[in-house]
A.B. asks: 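Take this structure, written in structure tokens, and hold onto it; I'll ask about it next.
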2 protein chains.
Amino acid sequence: MVKPPKENFPITEHLTYLLAQANREINRQLETRLSKEGVPVEQWRILKVLSDGNGHSMGELADAVLLNHPTLTKMIDRMVSDALVYRLQDPKDRRKVLMFVSDRGKALCRRLNSLAVSQEEHIVESYGDKSTNELKRLLGSLIGSAT
Amino acid sequence: MVKPPKENFPITEHLTYLLAQANREINRQLETRLSKEGVPVEQWRILKVLSDGNGHSMGELADAVLLNHPTLTKMIDRMVSDALVYRLQDPKDRRKVLMFVSDRGKALCRRLNSLAVSQEEHIVESYGDKSTNELKRLLGSLIGSAT
DNA sequence: TTGAAAATATTGAATATTCAACAATTGAAG
DNA sequence: CTTCAATTGTTGAATATTCAATATTTTCAA
């Protein structure tokens, strides 16, 4: 059996496309769930990262939540207005700003977590536990290798 | 061995996050390659879908290239200016517009395909053929099941 | 056949993101 | 010490995306 050269692959055979498509669908599903709390997916990520209680600099946070710096700055501005998070200057390095969750933010984060977990459980139901775990494993190692 | 409840999962354990992260990285890599031709990833997708030579309506195309309608309309406007694609009214249903690639678009598409293929080959090199194929398979079936 | 509802694509205003320039602070070489 | 380069975060302008409203054509029921 001879495969066609990759140049003629339909776009749906490309890894980059499959990733984009899967990401789009899963993200849409989650977005729909989180809309119950009126919060975009990125804010859930931010709250979740900050929930370890340690202060995180804007740079760290931007990397962790997959946003670039200016976008993060503006989203944080909104979240500060909503009293979900607050800024403190880092005493060790006064260029940095450390971000923290407020109590209100923590409470919201708990509600968002449970919505997100319920989504993931729903996926596991229709897609299977084994496939889900295998997919997670492969994605994790792809990310590691793609540096 | 007892697992922690999913509510306390770090965000990096969530399927939605792993997908977003992997998609971001792979997409960035591809974007970098395609920048040699000064073209965004979405335009490669559009050209590739239209390369079957059949006319595709805006609706079909939007679904296929993972863009929503107004965004696609505006991107197509640019591509028409660049003489990469052209519009024809569908004679069977005059609500529809059928999109076609120009010769110039076809030539560009060939160059873009080879850049994209070389990226994918690079991934296969560091990540392995087996993992790549298994990941593709799992993504494909996730998309199927996630309807 | 007519008229209302659905489907398709585009537009413009509102919103969000990105790019490049900036300000503030730190680090480090001379 | 002093100065210059690097790091960090924010801002404003330019760009892109989205939402809601529109125009056009088709479908279908009465």
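Throughout, protein chains are lettered first and strands after them, A, B, ... in sequence-line order, and every chain is numbered starting at 1.
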A.B. asks: Are A/Leu15 and B/Leu66 in one and the same hydrophobic cluster, where Ile, Leu, Val, Met, Phe, Trp and Tyr link if side-chain heavy atoms are under 4.5 Å apart?
C.D. replies: no
A.B. asks: Between C/dT25 atom C1' and A/Gln89 atom CD, what is the distance in whole Å?
C.D. replies: 9 Å
A.B. asks: Less than 4.0 Å between a side-chain N and a carboxylate O, is that true for A/Arg28 and A/Glu25?
C.D. replies: no
A.B. asks: Would a hydrophobic clustering, with Ile, Leu, Val, Met, Phe, Trp and Tyr connected at side-chain separations under 4.5 Å, put B/Leu30 with B/Leu115?
C.D. replies: yes
A.B. asks: Starting at the 5' end of DNA chain C and moving along, which residue's nearest nucleotide shows up first, B/Gly59 or A/Asp93?
C.D. replies: B/Gly59
A.B. asks: Would you mind checking if B/Lys106 and B/Asp103 are paired as a salt bridge, meaning a charged N to carboxylate O distance below 4.0 Å?
C.D. replies: yes
A.B. asks: Apply the test side chain to side chain contact (heavy atoms under 4.5 Å, CB included) to residues B/Glu42 and B/Val65: give CA-CA distance (whole Å), side-chain angles for both, the deciding distance (0.1 Å), then the verdict.
C.D. replies: CA-CA 7 Å; B/Glu42 289 79 12; B/Val65 303; over 6 Å; no
A.B. asks: Tell me which residues in residues 36-55 of chain A put a heavy atom below 4.0 Å from DNA chain D, sorted by number, or none.
C.D. replies: none
A.B. asks: Examine A/Ile11 and B/Ile26 and state if one hydrophobic cluster contains both, with Ile, Leu, Val, Met, Phe, Trp and Tyr joined whenever side-chain heavy atoms are less than 4.5 Å apart.
C.D. replies: no
A.B. asks: Donor-acceptor pair, B/Tyr127 side chain versus A/Ser141 backbone, under 3.5 Å?
C.D. replies: no
A.B. asks: Restricting to non-hydrogen atoms, name the atom on A/Leu61 and the atom on A/Met99 that form the minimum distance, rounded to 0.1 Å.
C.D. replies: CD2-CG, 4.0 Å
A.B. asks: Please give me every residue in residues 66-87 of chain B whose heavy atoms get under 4.0 Å of an atom in DNA chain D, ordered by residue number.
C.D. replies: B/Asn68, B/Pro70, B/Thr71, B/Lys74, B/Arg78
A.B. asks: Is the closest side-chain heavy-atom distance between B/Leu84 and B/Val101 below 4.5 Å?
C.D. replies: no
A.B. asks: At a heavy-atom distance below 4.0 Å, which nucleotide of DNA chain D is the first touched by chain A, and which is the last?
C.D. replies: D/dT7 to D/dA13
A.B. asks: Evaluate the side chain to side chain contact (heavy atoms under 4.5 Å, CB included) criterion for residues A/Trp44 and A/Asn113: first the C-alpha distance (whole Å), next the side-chain angles of each, then the deciding distance (0.1 Å), finally the verdict.
C.D. replies: CA-CA 8 Å; A/Trp44 169 59; A/Asn113 281 341; 2.9 Å; yes
